[in-house]
Amino acid sequence: KAFEYYEEMLSLNIRPNVNLFNSLIRVAARLGHVDRAFSIIEQMEKYRVSPNVFTYSWLIMACSNGNETTRAFKLHEIMQQNRIQPNRTTYIQLINAAVRARDVERGFDFLVAMENNARDPGERTYRSLLDSALNGDELDFAVYAYRALITLLGEEAYFPVGVYSKLLHTAARRGNAEVANEIFGRIQKQFGASNSVFSPRDTTAAAGGEEESTAGSSEEAAATPVAMSPLLSVFYPYMLTMLRADNLKAAFTAILDLHELAPTVSLGWIMREITDYISVSTERADNAFYIIEELKNDGRILPTSAANVVVSACSELGDIDRCFATYQEYATLGVSPDVHTFNALIRCCMRRRQLAAAVAVFEDMKKLEIQPNARTYAGMVAAAVRAGDTNKAQELLADFEAGVGPTAPSAEPYLILVRKLARDGRSSEAHDLMNQMEAKGLEVSGNLRDYVANPPEPRQPAREWNNSGRSGERQHAA
């Protein structure tokens, strides 16, 4: 539309001036239309209108928005040759171009030149620089702008939760614990231990649905409120950074802080990260247990998921002694077991081919009136299958179908038994079970049918787990 007005002016023999040309360039620049912006320069030459600092500023913006950063830097060189002093807008666009080009050194050079030429960057410049650096995933650049803003505005400087989240995510990717601690400390100062972090201006996105995690608790499986999204967005990357810095206590402490601020928020998928971290070795698992024990002794309130991560890690390690030893300490830790606790115990029994132990756990679970879910039955069926007891697996599946399990259908327990029947040469029963799955609305994939039609050769007996030779106060018999 702007160009239509321009053509109309020319048809009326109204001579364009530099301000008009600059406005047209700016329109093209905002849309990233680089060639169209430069076509205006040809018009300026035609009407013998000399470009000024604003002309170059908007051309540089066009190049930056159009990802032609080399061209933007060339324009700066032309400005220097023509002795045109850049203004604040020019420097901002040059800095943006440097960030887009991931040229941190050049970006700092432009900022220093801006300051040296008495062009006070001001809050807007630094905020623009901070946003550009975060969008470009440039931590050093972003932290420089962030610290400059605090110096400029003082301790009252306000940053939206989204900015803190991006800073922490960038620090997490770099594994920079020093920056993460600095940012997280300021978050605590700005928001404190209050719900002010949920202010409307910061609540911009709803939390999505989550898959069940073995580290979560039934109480925590409730949907995450919309207002929790900003809170999670800062605690999660901070916790990741602490894990990458091997500071497990700081990670646990952050999670407990989050739980105290928002007791109803689901911690399952966050605790999954800690489970993955500590399941690398028994040393890490023991360290995790001693940390949560220490936090409990310091008066912190532990969510069940904090203890569950240790049980889950020991389960993944196949360390049945540590798995049950941790479970036996739940009362001391002040937590109550939930469905995820028992699922982890059952999986560990399954890995160790301890069907009797798994059945005992399953019965204890029922005595405590904790409702088994699909994963519980999947673990039990798998334990029976690995122990070679197909009849027990079928009995458990019948129990699952009878409604003891959750109302929503799940394919996992069926798949385990179908494959076992196929490997045992009982293809007719495997086909019957697949028909049951389809009758319940569960998908039977082509890969599963191929597996039943052409089962693999029987496997050699798996090696036995051996915990002998290890000692320690957490080494108990299951």
Legend entry - T304/D338 under side chain to side chain donor-acceptor pair (under 3.5 Å): CA gap, chis, key distance, verdict: CA-CA 8 Å; T304 298; D338 60 16; 4.8 Å; no
Inset, instruction - Show your reasoning for whether side chain to side chain contact (heavy atoms under 4.5 Å, CB included) applies to V27 and R36. - result: CA-CA 10 Å; V27 170; R36 197 162 194 181; over 6 Å; no
Inset, instruction - Quick one: do T332 and K296 satisfy side chain to side chain contact (heavy atoms under 4.5 Å, CB included)? Show the steps, please. - result: CA-CA 9 Å; T332 304; K296 168 63 178 176; over 6 Å; no
Inset, instruction - Evaluate the criterion side chain to side chain contact (heavy atoms under 4.5 Å, CB included) for residue pair F400 and V381; output intermediate values, then yes/no. - result: CA-CA 10 Å; F400 178 53; V381 170; over 6 Å; no
Inset, instruction - Evaluate the criterion side chain to side chain contact (heavy atoms under 4.5 Å, CB included) for residue pair I25 and I41; output intermediate values, then yes/no. - result: CA-CA 9 Å; I25 293 173; I41 296 296; 4.2 Å; yes
Inset, instruction - Run the numbers on R272 and E316 for salt bridge (Lys or Arg N to Asp or Glu O under 4.0 Å), then give the verdict. - result: CA-CA 12 Å; R272 180 71 245 177; E316 292 183 17; 2.4 Å; yes
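Relative orientation of the Y144 and F108 rings is perpendicular, given thresholds of 30° and 60° on the angle between their planes. Using cut-offs of 30° and 60° for the angle between ring planes, the Y146 and Y164 rings count as perpendicular.
Remark: the backbone N or O of L139 is not paired with any side-chain donor or acceptor of R174 at under 3.5 angstrom. Side chain of D298 to backbone of R300: no donor-acceptor contact under 3.5 angstrom is found. The backbone N or O of Y277 sits less than 3.5 Å from a side-chain atom of R284, completing a donor-acceptor pair. The backbone N or O of V309 lies less than 3.5 Å from no partner atom in the side chain of S312, so there is not a single donor-acceptor pair. Without hydrogens or angle criteria, S128 side chain to R124 main chain gives no donor-acceptor distance under 3.5 Å. The backbone N or O of C314 lies less than 3.5 Å from no partner atom in the side chain of D319, so there is not a single donor-acceptor pair. Under the 3.5 Å distance criterion, the side-chain polar atoms of R106 are left unmatched by any main-chain donor or acceptor of I95. Of the possible donor and acceptor atoms, one in the side chain of R100 sits under 3.5 Å from a partner among the backbone N and O of S64. N297 places a side-chain N or O within 3.5 Å of a backbone atom of E293 that can act as its donor or acceptor partner.
Side-chain atoms of M79 and T90, non-hydrogen and from C-beta on, do get closer than 4.5 Å to each other. Between L442 and Y414 the shortest side-chain heavy-atom distance falls below 4.5 Å. Within the 4.5 Å cutoff, the side chain of R375 has no heavy atoms near those of the I346 side chain. With a 4.5 Å cut-off on side-chain heavy atoms, I40 and L59 do not count as touching. V18 places none of its side-chain heavy atoms less than 4.5 Å from the side chain of P51. Counting heavy atoms from C-beta on, the side chains of F110 and H76 come closer than 4.5 Å. Residues C349 and I320 meet the side-chain proximity criterion, which asks for heavy atoms closer than 4.5 Å. Using a 4.5 Å heavy-atom threshold, the side chains of L368 and P337 count as touching.
A cation-pi arrangement is present between R127 and F159 under the rule of less than 6.0 angstrom and at most 45 degrees off the ring axis. A cation-pi arrangement, defined by a distance under 6.0 Å to the six-membered ring centre and an angle within 45 degrees of its axis, is present between R71 and F38.
In this structure, F342 has its ring center at least 6.0 angstrom away from the ring center of F362.
The distance from the NZ atom of K166 to the CD1 atom of I183 is 14.0 Å, given to the nearest 0.5 Å. Here the CD1 atom belonging to I274 is positioned 12.0 Å from the CE atom belonging to M242, to the nearest 0.5 angstrom. In this structure, L24 CG and F21 CZ are separated by 7.5 Å, a value rounded to the nearest 0.5 Å. Atoms CE and CG, on M61 and L31 in that order, are 10.5 Å from each other to the nearest 0.5 Å. Once rounded to the nearest 0.5 Å, the distance linking CG of N308 with CG of L302 reads 11.5 Å. To the nearest 0.5 angstrom, F73 atom CZ is 9.5 Å from I60 atom CD1.
For the residue pair S315 / R351, a side-chain donor-acceptor distance below 3.5 Å is found, with atom types taken as modelled. Side-chain atoms of N96 and S132 form a donor-acceptor pair, as typed in the model, at a separation below 3.5 Å.
Summarising the local packing, CG of L152 is surrounded by more than 12 heavy atoms from other residues, nucleotides or ligands at distances under 6.0 Å. Other residues, nucleotides and ligands place more than 12 heavy atoms under 6.0 Å from the CD atom of E363. Around the CD atom of E178, the shell of radius 6.0 Å holds no more than 12 heavy atoms that belong to other residues, nucleotides or ligands. Applying the 6.0 Å contact sphere to CD of E443 captures no more than 12 heavy atoms from other residues, nucleotides or ligands.
Under the side chain to side chain contact (heavy atoms under 4.5 Å, CB included) criterion, T89 pairs with S57, W58, N87, Q93, not counting sequence neighbours.
The heavy-atom pair separating P121 from E115 by the smallest distance is CG-CG, 3.8 Å. Pairing each heavy atom of A37 with each of A62, the nearest pair is CB-CB, 3.9 Å. N65 and G32 get closest at one heavy-atom pair: CB-CA, 3.9 Å. Nearest heavy atoms, A344 versus V311: CB-CG1, 3.7 Å. Residues A288 and V310 come closest through the heavy atom pair CB-CG2, 4.0 Å. Closest approach of P237 and S165 over heavy atoms only: CG-O, 4.3 Å.
Among residues at least two apart or in separate chains, side-chain hydrogen bond (donor to acceptor under 3.5 Å, both in side chains) pairs with a member in residues 21-33 are N22-N52, N22-T55. Listed by first and then second residue, the salt bridge (Lys or Arg N to Asp or Glu O under 4.0 Å) pairs involving residues 75-87 are K74-E77 (not counting sequence neighbours).
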